[in-house]
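Presented below is the structure to which this report refers.
As the structure is a prediction and not an experimental result, all values here were calculated from the model. We name chains A, B, ... by the order of the sequence lines, and we start the count at 1 in each one.
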Protein chains: 4
Amino acid sequence: MVEETWTRYTVSMYCEDMEMDMHMDKDREHGRGGRPRSEQARTAILHAVDDLLLEMGYAAVTMKGIAQRAGVSRQTVYRWWSHKAEILFEASVIDAQQELAVSPAADPLDDLTAYLEALIRFLAHSPAGAAYRALVGEAQHDAAVAKLLSSKDLLGDSARVVIERAIGEGNLPIPLDQATALLIGPTFFWILSGRNADHLVPRELAKDFIHDLQARLSH
Amino acid sequence: MVEETWTRYTVSMYCEDMEMDMHMDKDREHGRGGRPRSEQARTAILHAVDDLLLEMGYAAVTMKGIAQRAGVSRQTVYRWWSHKAEILFEASVIDAQQELAVSPAADPLDDLTAYLEALIRFLAHSPAGAAYRALVGEAQHDAAVAKLLSSKDLLGDSARVVIERAIGEGNLPIPLDQATALLIGPTFFWILSGRNADHLVPRELAKDFIHDLQARLSH
Amino acid sequence: MVEETWTRYTVSMYCEDMEMDMHMDKDREHGRGGRPRSEQARTAILHAVDDLLLEMGYAAVTMKGIAQRAGVSRQTVYRWWSHKAEILFEASVIDAQQELAVSPAADPLDDLTAYLEALIRFLAHSPAGAAYRALVGEAQHDAAVAKLLSSKDLLGDSARVVIERAIGEGNLPIPLDQATALLIGPTFFWILSGRNADHLVPRELAKDFIHDLQARLSH
Amino acid sequence: MVEETWTRYTVSMYCEDMEMDMHMDKDREHGRGGRPRSEQARTAILHAVDDLLLEMGYAAVTMKGIAQRAGVSRQTVYRWWSHKAEILFEASVIDAQQELAVSPAADPLDDLTAYLEALIRFLAHSPAGAAYRALVGEAQHDAAVAKLLSSKDLLGDSARVVIERAIGEGNLPIPLDQATALLIGPTFFWILSGRNADHLVPRELAKDFIHDLQARLSH
DNA sequence: CGTTAACCGAGACGGTACGTCTGGTCTTGAA
DNA sequence: TTCAAGACCAGACGTACCGTCTCGGTTAACG
């Protein structure tokens with residue numbers, strides 16, 4: 001099952017065990033009468049956003065431009081998304097989750113290193129990462145975008161998974177949230193402050209993270 | 001020499017021992033004849049930007065709005081600054097530097113803790129910090145702003161000063177730049193990703209940083 | 001036969017002795033099978049137009065607004081009327097005919113005066129008259145509305161009846177059509193050009209009309 | 001002197017003895033600073049309205065369309081005119097005045113006949129007349145347009161001139177305004193109600209008008 | 001002590017995105 | 001087949017800001 005479901009103005013992610021809900025959703029939402037939403041229009045819009053971001057840059061990602069590129073009425077865009085940030089988010093979140101999900105490694109250090117490599121690749125080189133950085137940027141001066149972003153903690157979630165797997169939540173001397181900040185923070189800062197991502201050494205950063213935890217344990 | 005040029009002409013900091021330079025500057029720039037630049041207009045614009053950002057939020061910071069608020073012609077704004085990012089930067093950089101400069105403490109841990117407290121205060125609560133976060137945001141999808149920001153590494157510079165003072169450059173097992181990322185990163189990520197700054201514990205973060213360095217040394 | 005067709009299907013007046021026709025109409029239109037047209041929807045729409053015109057003004061008379069107000073689907077409106085002019089016409093024509101029909105008076109001058117009074121009341125103060133003026137307005141730049149209006153010469157018909165009764169067609173020195181223009185024209189112009197209807201003196205206008213005819217006779 | 005003057009959002013007509021005022025107007029309006037209004041843009045817009053009305057009909061006369069056709073920004077149109085009715089009015093009023101001004105004839109009957117011929121030509125066949133009819137139409141359901149039209153009584157003014165010349169105001173048994181309604185009314189009604197203008201006989205209408213006045217005098 | 005060139009305010013200009021609105025059409029499921 | 005509901009495309013609405021461009025008027029160093 002590859003379908004996604006959505007509700008008006010919210011973004012619902014792909015989830016295997018959601019099939020049943022989807023049926024209910026559709027029935028509830030569609031509620032008796034009315035032309036059903038055009039799946040074609042929806043995907044055309046999401047693709048248009050992706051394409052525009054890649055080809056023309058963030059400045060060209062415009063509600064008007066999206067509609068034009070998607071061959072869709074402007075009203076249709078506004079009907080389902082309030083801001084371009086919402087479209088951008090929905091268009092990139094699936095890719096982002098995939099790019100940030102790393103398969104487990106035997107060694108905890110390898111595991112964390114692999115994750116940091118993925119994180120760097122995502123933030124510095126991936127289109128989805130570019131969208132994400134743009135959204136983080138907007139969030140700094142737009143409360144609506146900030147709320148949108150906080151509704152789905154992409155980076156935090158992905159880091160939590162890896163940390164739990166590599167360290168084990170029971171072994172953590174600090175709350176999981178703070179651990180994610182220690183793991184992600186230096187890389188996040190390095191890239192968002194415009195520094196060269198090639199100078200980052202994932203394995204060293206992973207080691208730093210482990211040393212932190214060990215030092216905190218021995219207190 | 002403490003001065004740096006990053007606007008079309010010159011950004012003059014308010015340092016007493018700079019008067020002479022300014023004279024020279026003026027002479028050089030001014031060519032022969034002509035009305036000199038109005039210092040009154042310049043400060044009015046910078047104050048207008050500050051005020052607008054505080055009172056009306058980032059959305060109201062508009063070239064048009066700035067000019068109106070400053071009681072200045074739109075042309076006069078464009079004559080001296082290309083983007084609103086430049087004005088915002090110039091308007092907040094002095095405050096930022098002051099807020100990020102902490103007086104030395106006896107103990108390295110106290111020193112670092114004091115710095116992190118200042119950093120948190122700056123990023124999470126200060127108007128200048130709000131401006132800085134907005135600029136970092138813009139930089140994610142505007143190369144010009146990115147270049148502007150990288151011309152004056154506010155956070156990096158301030159951290160470097162403290163690290164050198166607390167640790168000593170000779171004692172560092174890693175390049176200074178990477179050390180700043182370890183120190184700043186977690187806080188930077190925490191705040192820019194919209195988390196509650198009150199949950200940060202500066203002293204623990206400072207300890208983490210020191211442990212990192214010690215662990216690296218013992219390798 | 002009192003019925004006239006001018007909409008796509010049929011405009012049915014509310015006359016008791018028309019029931020049979022309606023039945024026939026329905027049968028004819030209905031073909032075989034299918035849900036019959038909802039009389040409820042039809043009257044709801046006509047009433048909605050009336051109400052909107054009165055309460056919100058002509059600008060609010062919108063196909064969408066009519067449907068909403070009538071609690072009816074947009075499609076249902078379009079199914080039976082092409083333009084909003086058609087609905088407006090159908091909604092006001094009955095009222096208009098009643099308002100323009102004056103009971104005979106003993107004296108020709110009284111008869112004509114009574115008619116002109118009704119005409120002024122209709123054009124200047126009646127809701128149906130407002131609708132009619134709006135339609136005349138639209139007709140100036142919309143051929144379809146012009147054709148619609150000319151299909152039912154409300155003013156001309158009502159004037160013809162009165163003139164025939166007061167003067168007698170045999171006594172007319174000019175064609176009936178031209179006589180109606182002489183009778184109606186000054187009032188029509190006065191009101192449609194935005195002048196104050198209170199300044200009109202129906203009895204004097206009636207006298208003018210009679211003098212015209214007498215002068216023409218004596219030639 | 002062929003220039004016109006204008007003030008913001010109002011229409012000022014051509015007037016010989018206005019030269020002096022114009023100077024004052026320009027000085028006053030332009031009031032110290034600011035780029036002066038582009039006469040080129042203004043005439044381009046007025047011509048565009050004329051052209052669109054002729055070529056594409058009233059439906060195509062759109063603020064957007066006008067701007068596009070005139071090669072002018074939309075904002076520039078809105079800066080000087082609120083409604084498209086204002087532009088239409090300003091664009092056609094000069095032509096209208098010229099078309100409705102008839103040179104005096106020896107005989108009063110000839111004078112009035114010539115005027116009615118001009119009136120019929122204007123209302124039924126002239127582009128300026130088409131614009132005028134459209135405006136009268138809009139005025140029936142738009143108070144702003146009604147006010148605009150009443151600010152310059154095109155038809156009334158032209159008729160008054162002729163009546164005064166042909167009859168003499170002293171000889172009128174009724175107010176001048178009412179006389180104009182008697183003269184214009186029948187023709188106005190005939191054409192605006194969609195009847196064939198060729199069936200009008202100006203000389204007979206002129207006679208009717210004269211007979212009216214004579215009959216009123218002899219009371 | 002007048003030139004003169006760059007400054008300043010005001011504000012009109014062409015462009016273009018914004019978010020909303022209506023016009024018509026189409027597609028559902030129920031009656 | 002009609003109905004209510006409502007999504008669809010198309011495109012005009014009026015507003016806002018962008019960056020550029022005239023204007024008339026000011027001002028201080030230069031000659």
For B:Glu86 and B:Leu148: C-alpha separation, side-chain torsions, deciding distance, then whether side chain to side chain contact (heavy atoms under 4.5 Å, CB included) applies. CA-CA 7 Å; B:Glu86 281 186 349; B:Leu148 173 68; 4.1 Å; yes
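Under the 6.0 Å distance and 45° angle rule, B:Arg42 does not count as a cation-pi partner of B:Trp80. A cation-pi arrangement, defined by a distance under 6.0 Å to the six-membered ring centre and an angle within 45 degrees of its axis, is present between B:Lys84 and B:Tyr58.
If you measure from atom CG of A:Asp142 to atom P of E:dC18, you get 14 Å, rounded to the nearest angstrom. One can place OH of A:Tyr78 at 18 Å from P of F:dA7, the figure rounded to the nearest angstrom. Atom CD in C:Glu39 sits about 11 Å away from atom P in F:dC3, given to the nearest Å. B:Arg42 has its CZ atom 15 Å from the P atom of E:dC7, to the nearest Å. At whole-Å resolution of the value, CZ in B:Arg74 and C1' in E:dC13 are 11 Å apart. If you take CH2 of A:Trp81 and C1' of E:dC18, they are 18 Å apart, rounded to a whole angstrom. Distance, A:Trp80 CH2 to E:dT20 C1': 18 Å, rounded to whole Å. Between the P atom of E:dC13 and the CD atom of B:Gln75 lies a distance of 17 Å, rounded to the nearest Å.
Between C:Lys84 and D:Ala41, the one whose closest nucleotide on DNA chain E sits nearer the 5' end is D:Ala41. Of the two residues near DNA chain F, B:Thr62 and A:Thr76, the one whose nearest nucleotide lies more 5' is A:Thr76.
Using a 4.0 Å cut-off, some side-chain N or O of B:Arg79 falls inside it from OP1 or OP2 of E:dC8.
When the nucleotides F:dA16, F:dA4, F:dA7 are ranked by their closest atom to the side chain of C:Ser73, F:dA4 comes out on top.
Near DNA chain F, defined here as any heavy-atom distance below 4.0 Å, the residues from residues 63-72 of chain D are D:Met63, D:Lys64, listed numerically.
Side chain of D:Thr76 to backbone of D:Val72: no donor-acceptor contact under 3.5 angstrom is found. D:Thr62 places no side-chain N or O within 3.5 Å of a backbone atom of D:Gly65 that could act as its donor or acceptor partner. With A:Thr43 contributing its side chain and A:Glu39 its backbone, the two residues share a donor-acceptor pair below 3.5 Å.
Counting atom types as modelled, C:Arg37 pairs no side-chain N or O with a base atom of F:dT2 as donor and acceptor under 3.5 Å.
Residue B:Gln75 places its CD atom among more than 12 non-hydrogen atoms of other residues, nucleotides or ligands, all under 6.0 Å distant.
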